[in-house]
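First listed ligand is number 1; within each ligand, the first listed atom is number 1.
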Amino acid sequence: MEPFEYWNGQLHAEGVALSEIARCVGTPCYVYSRAAIEAAWRDVDAAFGARDHLVCFAVKANSNLAVLGMLARLGSGFDIVSGGELERVLRAGGDPGRVVFSGVGKTADEMRRALQLGIHCFNVESLPELEQLDRVAGAVGIRAPVSVRVNPDVDARTHPYIATGLKESKFGVAMSEALEAYRVAAASSHLRVVGVDCHIGSQLTETAPFVDAAKRIMGLVGNLASNGIELRHIDLGGGLGIRYRDEAPPSRAEYVSALMRAVDDAGGGRLRILVEPGRAIVGNAGVLLSRVQYLKHGESRNFAVVDAAMNDLIRPALYSAWHEVVPVSPRTTEARIYDVVGPVCETGDFLARERALRLEAGDLIALRSAGAYGSSMSSGYNTRPRCPEVVVDGARFHITRRRETLDELLSLETVLPDR
Ligand code: LLP
């Protein structure tokens, strides 16, 4: 199934013309396909077959309540990195018992709330964090389920900002210190060792680094067992890449089979496998819809100035990410080479560069593969209200986040009183 296709010369999301959404909701606007998101989640889940597993959607990739709610109804677990994301999961109807809590800087308050809600596991990233969790759990009187996030030191061969599994990254506990961390955890009466965790990076387009990491972690699992520490689960993080341009990542099923094989071949057949996919569930299921304001034909470059900007989609500016730009109603006029830029006052405010496009002012365009780390990374920079999000469900669509108003954007601020 293709969630975004042309029918009668008009780009549609499932059964709804994007021009219709633009007419009702305005631009810029994120549009997601419900069917595509659900199919992707089911794909990952089904690939595990009868094997014990839990798919924990990485909330940071797309934290819209409607998206989380759809996944909660499918029985998804969730990978969170803040107390805010935990509240989102609850409001979306997610089960806290299926939540894993990652991140290097959990506060005592966040730990307390998560403990009281009975989350599945804390993925602990350092000894000081383990000690703080021990104190908080002792004070609350609830034994905290823990995994140690181990840094397996494998090269994910992805953008340096989103590679997390190398020794020099801030994430996780070094392999050489993992046994000690587990000894501390196992000795505490406030902590319950339940698993092991790793996450080596994002937008990986090969299975080899995942398999390497899984094997190294399984080595640790064996070592722990011989030290009397038995685990129940192995969490292999997220990271499966998608196609933005011409990448050829493994399919979701190939990725899952490779993980299962790596764990089972290393004697981990009785361990439950957790995964934390984000991008691979929502990335290709969303577009950012925008309207061309002006065409500016310069001496050396042509610019299509559109009404979306880096505050709406920061990936091109931050990672030089490539998003396909397509017209909503294609023209037959001659193509020109454009840089697609927004109104923000920064040279880095571009959404796409050097694209052959047939455009007129007023045309609608869609930036594809914007369902992951698009809206969730957006901001109000340049005092631009955050844009709406729409979920298309067959022939209907729902506004699942309305456009922020300027009053809302400014409502937390005041000027100083007179002296
Ligand atoms: N688990 C942990 C602990 C993570 O840190 C991440 C992503 C995930 C799971 C989900 O990874 P995914 O399956 O989505 O690759 N903003 C960047 C991506 C940052 C990823 C951070 N961690 C981007 O726009 O490409």
Side-chain angles (χ1 to χ4, degrees), residues 30 37 40-41 43-44 54-63 67 71 76-82 85 99-106 120-126 129 147-152 156-166 169-173 195-207 209-210 213 217 234-245 247 249-250 252 255-256 259 274-286 288 310 312-323 351 367 369-379:
Y30 278 96
I37 293 174
W41 187 92
D43 234 15
V44 175
L54 181 61
V55 181
C56 296
F57 174 68
V59 172
K60 64 170 85 71
N62 187 322
S63 45
V67 171
L71 296 176
S76 187
F78 296 94
D79 165 51
I80 59 160
V81 290
S82 70
E85 286 190 351
V99 165
V100 295
F101 197 161
S102 304
V104 294
K106 300 172 198 82
H120 188 59
C121 186
F122 290 86
N123 291 335
V124 172
E125 304 227 10
S126 65
E129 185 193 332
S147 283
V148 175
R149 175 168 174 182
V150 179
N151 191 334
R157 295 191 280 272
T158 181
H159 190 285
Y161 285 13
I162 52 179
T164 48
L166 282 173
S169 108
K170 72 173 176 182
F171 298 100
V173 172
V196 61
D197 170 52
C198 75
H199 171 79
I200 57 173
S202 197
Q203 182 55 16
L204 272 69
T205 52
E206 310 160 279
T207 49
F210 290 117
I217 300 291
I234 175 170
D235 180 341
L236 294 167
L240 176 61
I242 61 169
R243 177 178 226 140
Y244 285 98
R245 185 177 193 175
E247 303 88 337
R252 291 179 277 257
Y255 156 78
V256 169
L259 296 185
L274 270 59
V275 284
E276 305 168 354
R279 192 187 320 261
I281 307 293
V282 289
N284 285 331
L288 174 59
M310 66 187 288
D312 304 302
L313 179 66
I314 202 175
R315 304 194 67 259
L318 195 56
Y319 317 110
S320 306
W322 195 96
H323 287 264
L351 297 168
L367 285 126
S369 308
Y373 307 106
S375 180
S376 63
M377 292 182 80
S378 68
S379 75

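Ring pair Phe122/Phe101 is parallel by interplanar angle, where below 30° counts as parallel and above 60° as perpendicular.
In Tyr319, the part holding a heavy atom less than 4.0 Å from any atom of ligand 1 is the side chain. Contacts with ligand 1 closer than 4.0 Å are made by heavy atoms of both the backbone and the side chain of Arg279. Heavy atoms of Asp79 found under 4.0 angstrom from ligand 1 belong exclusively to the side chain. Both the backbone and the side chain of Glu276 come within contact range of ligand 1, each with a heavy atom under 4.0 Å. Of all the heavy atoms of Ala61, none lies under 4.0 Å from any atom of ligand 1, so neither backbone nor side chain is involved.
Distances between N or O atoms of Lys60 and those of ligand 1 include at least one value under 3.5 Å.
We find that Glu129 and Lys106 are joined by a salt bridge, their nearest charged nitrogen and carboxylate oxygen being less than 4.0 Å apart.
Taking Pro250 as the reference, Thr207, Leu240, Glu254 meet the side-chain contact (heavy atoms from CB on, under 4.5 Å) condition, with sequence neighbours excluded. Listed by chain and residue number, Tyr255 satisfy the ring pair (Phe, Tyr, Trp, His ring centres under 6.0 Å) test with Phe210 (two or more places apart in sequence, or in another chain).
Proximity to Arg149 (heavy-atom distance under 4.0 Å) selects the following atoms of ligand 1: 3 (C).
Ligand 1 lies nowhere less than 4.0 angstrom from a heavy atom belonging to Ala372. Under a 4.0 angstrom heavy-atom cut-off, Gly239 registers as being in contact with ligand 1.
With contacts defined as side-chain heavy-atom distances shorter than 4.5 Å, the pair Arg315/Tyr244 qualifies. Between Val44 and Val256 the shortest side-chain heavy-atom distance falls below 4.5 Å.
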